[in-house]
Protein chains: 2
Amino acid sequence: MTEFPTGRPTVYDVARVAGVSIKTVSRVVNRSSGVSDKTRRLVLEVVNDLGYVVNPAARSLVTGSSSTIGVIVDSIADPFFASLVSVVEVRALAAGFSTQVASTWRDPQLERDQLLRMTRENISGLLLAPTMGDHDYFAATVKDVPAVLVDRGWPGSGLDVVGVNDRAGARAAVEQLLGLGHRRIAFLGDDSKLTTTAHRRAGYLDALDAAGLSVPPELDRHSLLMADPGGKAVFELLELDEPPTALFSSNSRTSLGAVRALHKRRRTDVAMISFGDFDLADALEPGITVVDHDPALIATAAVDRLLARIGGTDLVPTEILLPTPLVKRGSGELSCSPS
Amino acid sequence: MTEFPTGRPTVYDVARVAGVSIKTVSRVVNRSSGVSDKTRRLVLEVVNDLGYVVNPAARSLVTGSSSTIGVIVDSIADPFFASLVSVVEVRALAAGFSTQVASTWRDPQLERDQLLRMTRENISGLLLAPTMGDHDYFAATVKDVPAVLVDRGWPGSGLDVVGVNDRAGARAAVEQLLGLGHRRIAFLGDDSKLTTTAHRRAGYLDALDAAGLSVPPELDRHSLLMADPGGKAVFELLELDEPPTALFSSNSRTSLGAVRALHKRRRTDVAMISFGDFDLADALEPGITVVDHDPALIATAAVDRLLARIGGTDLVPTEILLPTPLVKRGSGELSCSPS
DNA sequence: CTCCCTGTTGACAGCGCTGTCTAACCAAGC
DNA sequence: GCTTGGTTAGACAGCGCTGTCAACAGGGAG
């Protein structure tokens with residue numbers, strides 16, 4: 001046995017023990033061609049004996065790329081993004097990439113910092129759920145890194161966007177409520193500066209417009225803060241002289257608040273449709289009808305697209321829209337009973 | 001203006017433009033002492049102009065460490081861990097560390113692979129929610145990396161463990177049910193090979209023992225698979241000749257299934273306590289009483305401990321147990337009414 | 001005036017790896 | 001025999017950075 005290298009073994013250690021050059025070790029480890037079977041087996045054996053693993057920092061320094069995919073979302077604690085990220089992780093790992101996650105908390109400045117941090121690390125690709133605000137800096141910061149936007153984009157990004165047709169999905173939901181006789185339908189949105197929320201609100205307005213209805217401002221609660229679990233707005237709505245007979249909640253977070261409020265006030269006669277599914281939506285009485293906005297579907301499509309781009313495929317930037325089936329569970333099928 | 005460096009600027013570019021040596025640039029960037037104010041300001045200006053950012057790969061190659069904290073959990077999609085990870089991320093970032101997350105899906109082999117991947121990357125510290133199975137390999141794989149176990153440990157790990165007193169928390173919950181007259185109390189657990197589940201089951205048994213009760217095997221559902229959303233077991237329990245009058249669910253996932261089943265069968269007269277809170281637990285009728293098992297609290301304590309270790313503080317490996325208050329919402333306060 | 005000390009700066013090696021280029025080797029063909 | 005060409009292997013530079021050590025200037029003490 002040769003002397004034991006202290007610390008982590010390097011290509012030099014392997015080369016010395018195997019009696020070959022470091023370049024040959026590198027070739028074996030990277031599965032490059034030009035190594036005879038005999039040599040390859042010998043080297044692999046030594047690699048195993050010594051427990052050699054490549055040092056990604058050194059490799060990244062030479063190659064300028066790190067086999068890592070960056071994922072930047074509002075918050076990993078948000079169930080929608082948690083689920084999205086977890087699918088990305090699995091799929092990326094299968095393709096040989098590790099995943100780096102970062103949260104923006106919807107803060108444009110933090111988003112920018114996170115992007116900067118990731119580009120520093122020579123990520124191979126980027127998945128981003130952009131927050132509101134200007135992204136003029138983006139091209140300069142993320143230059144040359146393949147990127148795919150998830151869930152939402154910004155005008156003129158020139159990038160792939162994988163998401164759903166927010167406007168059409170919302171419109172379909174509100175049209176169902178209208179069809180049941182509802183005329184006073186409230187809108188719940190967390191922040192209309194977010195394009196998704198804005199599009200869903202547009203769909204809501206489309207449906208009302210088409211039915212010849214205008215929106216009483218007191219029913220249009222489109223800027224509930226991220227912090228407000230939505231409950232407060234619903235309490236207020238219920239106390240109006242002419243309360244809404246139906247709610248359209250534009251995302252899971254506001255829906256959780258709305259459900260809480262409706263149940264507290266025992267007003268489960270109020271119809272409700274949520275854009276975005278959530279745990280227990282099916283267990284409530286009545287079950288909550290949702291426009292299904294499946295994170296796994298979006299993640300899968302987005303990673304596949306990104307991997308194709310990383311692989312060098314030349315693709316025209318496209319908006320990939322996934323379907324949003326209406327899952328009827330009861331709350332969205334309550335007809336309008338005059339109170 | 002000097003010629004524009006193509007690609008990303010390096011210390012050489014900054015040094016050349018500023019008319020100093022690369023070492024001085026390095027000193028300024030790393031805030032090392034021994035640079036005059038004048039030089040520092042000059043260099044910073046050039047850094048700004050050129051948009052210089054350090055290359056972490058190169059730095060990591062030299063220093064052998066990457067200012068990254070690795071976090072390995074069952075799954076980022078699990079709300080408990082999602083919340084834990086998100087708190088870790090924020091806190092680590094504030095301390096100048098970025099976060100790498102990986103899921104094990106409770107697969108010991110995958111856990112090992114993820115650990116290996118992270119050690120390769122020269123992480124500065126590790127937070128791990130160990131899955132079941134032997135961890136004999138651990139010391140050899142993760143040598144020299146400060147590590148803190150979260151939520152659960154394994155016997156003889158010799159590492160810090162930050163979690164809750166599963167056994168005592170579970171016992172307190174079951175004792176409350178016993179106090180209300182319940183005698184047939186079912187246990188729901190996802191996998192008794194997980195130490196947390198095992199401890200909670202032990203607490204359940206402790207309480208019954210102390211009350212002089214034995215556990216009918218048909219009420220002890222301790223190995224529901226991860227995939228089973230728990231519902232099935234509860235349907236079966238409800239159809240027993242002598243169904244349980246109360247459920248003790250040992251984690252949020254099984255609780256979600258149980259709630260679903262109880263509500264489907266309209267058996268909200270069955271008492272229930274969940275170990276672990278979940279969304280809408282308070283909105284249900286009745287609200288679900290929970291043993292609060294707060295991921296944010298655990299994350300905070302764990303990161304702080306890890307940062308102290310990374311900082312070189314010499315600490316005796318400790319088990320840090322956080323409180324698990326019983327949050328009474330109704331379902332755990334239903335007394336036993338003979339059906 | 002010299003010596004030494006402190007504060008500031010730079011030259012240079014080398015972290016572990018891959019890309020480029022060259023060398024050695026063997027078989028086939030003239 | 002020598003050339004040609006393909007395959008396998010190695011020498012070496014250099015990716016961008018930090019650690020070590022040496023150099024040098026300025027100023028107070030002897």
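Note on naming: letters A, B, ... go to the chains in the order of the sequence lines (proteins, then strands), and numbering restarts at 1 for each one.
- When heavy atoms are screened at a 4.0 angstrom cut-off, B/T39 is found touching the sugar-phosphate backbone but no base atom.
- Rounded to an integer number of Å, the gap from B/L42 CG to C/dG10 P is 10 Å.
- No hydrogens or angles considered: nothing links the side chains of B/R112 and B/Q109 as a donor-acceptor pair under 3.5 Å.
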Next item on the list: Show your working on side-chain hydrogen bond (donor to acceptor under 3.5 Å, both in side chains) between B/S103 and A/E89 and close with a plain yes or no.
Entry: CA-CA 8 Å; B/S103 304; A/E89 190 205 350; 2.7 Å; yes
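- Between A/T24 and D/dG10, a side-chain N or O to OP1/OP2 separation shorter than 4.0 Å is present.
- A donor-acceptor contact under 3.5 angstrom links the side chains of A/T318 and A/R305, judged on distance only.
- Applying the ring-ring contact (aromatic ring centres under 6.0 Å, His included) rule to pairs touching residues 140-162 of chain A yields A/H135-A/W154, A/F138-A/W154, sequence neighbours excluded.
- Using a 4.0 Å cut-off between charged nitrogen and carboxylate oxygen, B/D144 and A/R8 do not count as a salt-bridge pair.
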Checklist line | Base-contact (B) and sugar-phosphate-only (S) positions in nucleotides 13-20 of chain C, heavy-atom cut-off under 4.0 Å, - elsewhere | finding: -BBBBBBB
